[in-house]
Amino acid sequence: MLDLKLIRSNPDLVQERLNARKAGEYDIQPILDLDAQQRSIEGDRGQLQARSNEIGKAIGQKMKGGANPQSEEIIALKTEGNEVKQKLADLEPQEKELKAQIKALILALPNLPDATTPIGANETENVEIRRWGDEYKKDATGILPHWDIGEKLGILEFSRAVKVAQSRFVSLMGAGAALERALINFMLDTQIEAGYTEVMPPVLVNSESLTGTGQLPKFAEESFRCAEDDLWLTPTAEVPVTNLYRDEVLDAENLPIAHCAYTPCFRREAGSYGKDTRGLIRLHQFNKVELVKFVHPDHSAAEHEKLVGNAEAILQALKLPYRVLELCSGDIGFSAGKCYDLEVWLPSAGTYREISSCSNFYDFQARRASIRFKEPKQKGTRFVHTLNGSGLAIGRTMAAVLENYQQPNGTVEVPEVLRSYMRKDFL
RNA sequence: GGAGAGGUGGCAGAGCGGUUGAAUGCGCCUGACUUGAAAUCAGGUUUAGGGUCAAACCUAACGGGGGUUCGAAUCCCCCCCUCUCCGCCA
């Protein structure tokens, strides 16, 4: 959520930053208009309420002093009190309605792209920052797509999963399930070693939580909902883990708070019907290890770089070639101000595919979820900055392993760092 | 699912119609005492919005939403959540 005070005091800057996402898409003028109305009413209301309080206090004092409740003096005050109440009854609903409208409009506004975020219209204008692991790229000749090799090895079961659920689901069988577990454990162990505290959060979350991180209200159609309970299947552990601290005031000395979490993730993938219909790339249910940080605003840029490094460390340990993109203003997510994507090399397709997205949300989510911190000796509170990134998406990592580690004889070598988890060298 | 209890400041916990934004304790901050610290004493310490150069000041908030009243943390109604016991269950 953007700061209304910033919108009010610096409308041109805000509008210009929003235009960097998509020109003509966002207009803050209605907010400014409604805000002016609301403030005007609030002024009047405040005065009336002050008078009402005076009357109440005056009556209280006189009664305590033994005044007759039927005396003219008291009756006159009560009459005025009733008049004030009438006027307030007229003003209050107006102001309430205006506030609700403003809130709804602000909740629909995305974060401002950071000044360092490259300007661009769409994903074609993302900027490649660096590449890693070219030396591990093998000759792709004869390499089967991961879904083919997976079915051949009997470790990925698509058609039966479709019977059980629907399309875009998979069952992992035998060594496939074991590999998934190995990846989860390896990633968690690595991130715990790097200083993250593991958490296993609920994967059903309420609407307030989804609003806190920015999935609601705009992206309701992207999540599975249990309508009777106001609960949704979490689309990413970002939601439950960030909301762990919703409506809290944290001690500055406890920052940064860093969590890693393994959870299944659920996405409806509405509107992507033709895309990635085969394999593990785009499923309604997938596993992910997520990294989430709550940091002091002064350190969020440095913490962001560190977090990207933590995600990269997984790919490096797995010796999977990847590149780092900095997303441009037209492609960063709704809540993010700055975002790096990690893309892993998929030899069968001859392309890099997103495997992690690491974002700095600045105070955008913290403001929505009211996550603040207090510094000793300083008055008041400030919003923390929240960061998160995949570390990593398990299914896509599995796809990358099945392809990058595929042998000419149709087996798949187990990456060295996973062998102690798998207790075997080949699939 | 049945029965009961309860949701108050950073925490614990009073208040149950009138100058109560809220006793008390803990925590925290400032000062005194001390070589320093502890202990002790005095004072201070909620958040949000408005206002101001900065203050003063004004308004709101005692789970959420309505209602009664000149006036509600306190009374009434609805909803949510938590806890205890019973039942069921991984």
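Reckoned from all heavy atoms, side chains included, excluding hydrogens, waters and symmetry mates. Chain naming here is simple, since letters A, B, ... match the order of the sequence lines and numbering starts at 1 in each.
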Roughly how many Å is it from CD in Glu208(A) to P in C81(B), rounded to a whole number? 12 Å
RNA chain B contacts made by residues 41-53 of chain A, counting heavy atoms under 4.0 Å: Glu42(A), Arg45(A), Gly46(A), Gln49(A), Ala50(A), Asn53(A)
With a cut-off of less than 4.0 Å, is there a side-chain N or O of Arg382(A) near OP1 or OP2 of U47(B)? no
Which whole-number value in Å describes the distance from Phe373(A) CZ to U46(B) C1'? 18 Å
Checking Arg45(A) against Gln49(A): is there a side-chain donor and acceptor pair closer than 3.5 Å? yes
Is it true that the side chains of Asn206(A) and Asp230(A) contain a donor and an acceptor less than 3.5 Å apart? no
Applying a 4.0 Å non-hydrogen cut-off, can you work out what Lys99(A) is touching in the nucleic acid: base, sugar-phosphate, or nothing? nothing
In whole Å, measure the gap between the C1' atoms of A23(B) and U8(B) for me. 12 Å
On the nucleotide C70(B), are OP1 or OP2 found under 4.0 Å from the side-chain N or O atoms that Lys57(A) carries? no
Would you call the rings of Phe266(A) and Phe224(A) parallel, tilted or perpendicular, where under 30° means parallel and over 60° means perpendicular? perpendicular
Taking pairing as Watson-Crick or G-U wobble with both contacts under 3.5 Å, can you name the mate of G21(B), or confirm there isn't one? none
Contact list (N/O, under 3.5 angstrom) for nucleotides 54-56 of chain B vs protein:
none

Provide the Watson-Crick or G-U wobble partner of A3(B), both distances under 3.5 Å; none if there is no partner. U84(B)
Sorted by position of nearest nucleotide on RNA chain B, 5' first, the leading residue of Glu54(A) and Arg8(A) is Arg8(A)
Base paired to C53(B) (Watson-Crick or G-U; both N/O distances under 3.5 angstrom): none
In the structure shown, which nucleotide is the Watson-Crick or G-U wobble counterpart of A61(B), with both distances under 3.5 Å? U46(B)
Whole Å only: how far is the CG atom of Asn206(A) from the P atom of U82(B)? 11 Å
Is Glu416(A) atom CD crowded by more than 12 heavy atoms from other residues, nucleotides or ligands, each under 6.0 Å away? no
What distance, rounded to whole Å, do you find between the two C1' atoms, one in G50(B) and one in U45(B)? 23 Å
Distance between C1' atoms of U69(B) and G18(B) (Å, rounded): 11 Å
U74(B) to C83(B) separation - P atoms, rounded to the nearest Å: 24 Å
Look at all strands and tell whether Thr79(A) reaches a base, only sugar-phosphate, or nothing, counting heavy atoms closer than 4.0 Å. nothing
Which nucleotide in the set A48(B), C70(B), G49(B) lies at the smallest distance from any side-chain heavy atom of Ile55(A)? C70(B)
Mate of G10(B) across any strand shown (Watson-Crick or G-U wobble, both atom pairs under 3.5 Å) is C26(B)
I'd like the C1' distance from U24(B) over to C57(B), given in whole Å. 30 Å
CZ/Arg419(A): more than 12 non-hydrogen atoms of other groups inside 6.0 Å: yes
State whether Thr381(A) places a side-chain N or O below 4.0 Å from either non-bridging phosphate oxygen (OP1 or OP2) of A48(B). yes
Can you identify which nucleotide, out of C70(B), G50(B), U19(B), has its nearest atom closest to the Asn82(A) side chain? C70(B)
What is the distance, rounded to the nearest whole Å, between atom CZ of Arg367(A) and atom C1' of U47(B)? 15 Å
Which whole number of Å gives the distance between the P atom of C11(B) and that of U46(B)? 14 Å
Tell which nucleotide pairs with A39(B), taking only Watson-Crick or G-U wobble pairs whose two distances are both under 3.5 angstrom. none
Would you say Asn19(A) and Tyr26(A) are linked by a side-chain donor-acceptor pair, where the criterion is simply a distance under 3.5 Å? no
Taking the nucleotide of RNA chain B with the closest heavy atom to each, which residue, Gly81(A) or Val249(A), is nearer the 5' end? Val249(A)
Is it the case that the ring center of His385(A) lies less than 6.0 angstrom away from the ring center of Phe294(A)? no
Under 4.0 Å, heavy atoms only, any strand: does Leu77(A) hit a base, just the sugar-phosphate, or nothing? nothing
Any Lys62(A) side-chain nitrogen or oxygen under 4.0 Å from OP1 or OP2 of C70(B): no
Would you mind reading off the distance between Gln61(A) atom CD and U20(B) atom P, rounded to a whole angstrom? 10 Å
Taking the P atom in each of U59(B) and G7(B), what is the distance between them to the nearest angstrom? 28 Å
Whether the Tyr262(A) and Asn287(A) side chains hold a donor-acceptor pair (N or O, under 3.5 Å, no angle test) is what I'd like checked. yes
Thr236(A)-Lys288(A) side chain donor-acceptor pair, cut-off 3.5 Å: yes
Quickly work out the Glu83(A) CD to G71(B) P distance and round it to whole Å. 13 Å
When rounded to the nearest Å, what value does the distance between C1' atoms of G71(B) and G63(B) take? 23 Å
Counting side-chain heavy atoms from CB outward, which of C70(B), U19(B), U47(B) is closest to Lys374(A)? U47(B)
Do Tyr340(A) and His304(A) have their ring centres less than 6.0 Å from each other? yes
To the nearest angstrom, the CG-P distance between Leu98(A) and G49(B) comes to 18 Å
Looking at residues at least two apart in the chain, or sitting in another chain, which of them share a ring-ring contact (aromatic ring centres under 6.0 Å, His included) with Tyr196(A)? none
Strictly by modelled atom types, are Thr213(A) and Arg368(A) linked by a side-chain donor-acceptor pair under 3.5 Å? no
